[in-house]
2 protein chains.
Amino acid sequence: MARETLNREQIVRAAIELLDAEGIDGLSMRKLGQKLGSAATAMYWHVGNKENLLILAADEVWSEITLPDVPAVGWRPAARELMYAVRGLCDRHRWLVRVITTYYAAGEGMARFQECAYETFDAAGFRDADLDWAVSTPFMFVTGMAFMSGSEVAGIKERAEQESAEQPEKEAEAIAQINALAAKYPRLSASMEAQAQRGQGFAEQVDEVFAFGVETILDGLAARLAARSDAV
Amino acid sequence: MARETLNREQIVRAAIELLDAEGIDGLSMRKLGQKLGSAATAMYWHVGNKENLLILAADEVWSEITLPDVPAVGWRPAARELMYAVRGLCDRHRWLVRVITTYYAAGEGMARFQECAYETFDAAGFRDADLDWAVSTPFMFVTGMAFMSGSEVAGIKERAEQESAEQPEKEAEAIAQINALAAKYPRLSASMEAQAQRGQGFAEQVDEVFAFGVETILDGLAARLAARSDAV
DNA sequence: ACCTGAACACCGTTCAAGT
DNA sequence: ACCTGAACACCGTTCAAGT
């Protein structure tokens, strides 16, 4: 473990490990110092502050993405591949979306990815401002998805179930509450019931929503391209 | 200010005010106590803990949304209206997306909104699992957008500019770095330059991405509906 | 039933002092 | 150039004690 001196790379790598293992709240300068066998305050010399460390960590992991060969596979498969790649990345590094959406971290790692996204949608036929928007739209969807799948489920039903498990005498009350809600929101409760009957967990559902969303957005983009070429 | 006793509603309202004014990091139990003229620890009796308070606050603001009259306006305008409404909500309450994506807060306020979303996409013709996915896809996009527009911009360029402003002797170095990146990522830098020439700020750009994304997703959903009815 | 105050175990960050 | 230790100003939460 004895190292000559600390360096930025080493600190960023350790931070990523800590982030992956314990989540964003699991990273503290003190823990990081301990992991590296240094005083917590030694980090400040190398990375400035915690915010900057998070930005560096976020940018670093982008380089994990394998980019598609756009000319070889064509825009639609390439776009799909990029969307799934980002989803995988966010899945391996649950903290990533939270960081990039807090600080809009943009460095080399993300630039490399974005360059490929631009290549992809340029190949599709988008130009100028349209190109920027076409690049952004799928990315926004993926970001939204990554958040949702990373979050704890804490809906009314779950909380009611938890309450009634803790205090069995409240079970009747909890059931009554859920039923009242179901009566008030029939479509929502019908959907929840159907999901339960399909026996799907939250994770499977999220996968399906993602697949559906990806194709929907690709269809939508294709529709816009078609409309454009009709006009010309 | 003298009130008989504290109550949950009052605490949630005060929390929302604090969150709106100072952001998610601006809310602390101590500040909230001060605002309400009580000990910070008095909150715990009413709301349990901070996480639960955030969930209550998040659910509360959902009721601000005015729901469209789906049968009257038709599914596409209704869907668009819902998307813009959520965007407006997230804009007024910057902390909202962060909370719902951390805890997946789902209560009555959100149920009311979701019921209307189900009504909208049911009117469009989506059924069963398809209906769930159709409801989720636009919502994921809006969530992603809300995050991005809520985040601080902290890209390479901004950081380089900041550094060179702080330490003028580093300006040449910063410019060289940006140029090197531009050479490496030509499409990305071409887009950034074009954006600068259009004289657009980040906010305007975000608005345009949103408008484009909304129509793209609606087109994509319409395309799926068309494909479905062809098959039948 | 509702509230207080002290206390505990944490944070990020600064800064003088060391090597 | 790089690192330490003490210190500061915060956190969320628990809990005995009060009314």
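Values below: all heavy atoms of this structure, side chains included; hydrogens, waters and symmetry mates excluded. If you're wondering where the values come from, they're calculated on a predicted model, not measured in any experiment.
With a cut-off of 3.5 Å on both pairing distances, the Watson-Crick or G-U wobble partner of dA1(D) is dT19(C). Pairing partner, dA6(D): dT14(C), with both Watson-Crick or wobble hydrogen-bond distances short of 3.5 Å.
Judged purely by distance below 3.5 Å, without hydrogens or angles, the side chains of Asn7(B) and His46(B) never pair a donor atom with an acceptor atom. Side chains of Asn52(B) and Tyr103(B): a donor-acceptor N/O pair is absent below 3.5 angstrom, by distance only.
Inter-residue side-chain proximity for Trp45(B) and Leu6(B) is flagged as unmet; no heavy-atom pair is nearer than 4.5 Å. Here the side chains of Met29(B) and Tyr44(B) are in contact, with some heavy-atom distance below 4.5 Å.
Out of dC3(D), dG12(D), dT4(C), the shortest distance to the side chain of Lys50(B) is found at dG12(D). Here dC2(C) is the nucleotide among dC2(C), dA6(D), dG12(D) with the atom lying nearest to any side-chain atom of Thr5(B). When each of dG12(D), dT13(C), dC11(C) is scored by its nearest atom to the side-chain atoms of Thr41(A), the top-ranked nucleotide is dT13(C). The side chain of Arg30(A) lies closest to dT13(C), out of dT13(C), dC3(C), dG12(D). Of all nucleotides listed (dT4(D), dT13(D), dA1(D)), dA1(D) comes nearest to the side chain of Trp45(A).
Atom CG in Leu6(A) sits roughly 9 Å away from atom C1' in dC2(D) (whole-Å rounding). Rounded to a whole Å, the CG atom of Asn49(B) is 9 Å from the C1' atom of dG12(D). Rounded to an integer number of Å, the gap from CG of Leu53(A) to C1' of dT13(C) is 14 Å. Rounding to whole angstrom units, CG of residue Leu18(A) and C1' of dC11(C) are separated by 14 Å. One can place CE of Met43(A) at 8 Å from P of dT4(D), the figure rounded to the nearest angstrom. In this structure, CD1 of Ile11(B) is placed 11 Å from C1' of dC2(C), rounded to the nearest angstrom. The separation between Gln34(B) atom CD and dG5(C) atom P is 13 Å, rounded to whole Å. Rounded to an integer number of Å, the gap from Asp25(A) CG to dG12(D) P is 12 Å.
Phosphate contact (OP1/OP2 of dA1(D), side-chain N/O of His46(A), threshold under 4.0 Å): absent. Within the structure, a side-chain polar atom (N or O) of Ser28(A) is placed less than 4.0 Å from OP1 or OP2 of dC11(C).
Less than 6.0 angstrom separates the ring centroid of Phe210(A) from the ring centroid of Tyr84(A).
Looking at heavy-atom distances under 4.0 Å, Leu27(A) makes contact with sugar-phosphate atoms alone, never a base.
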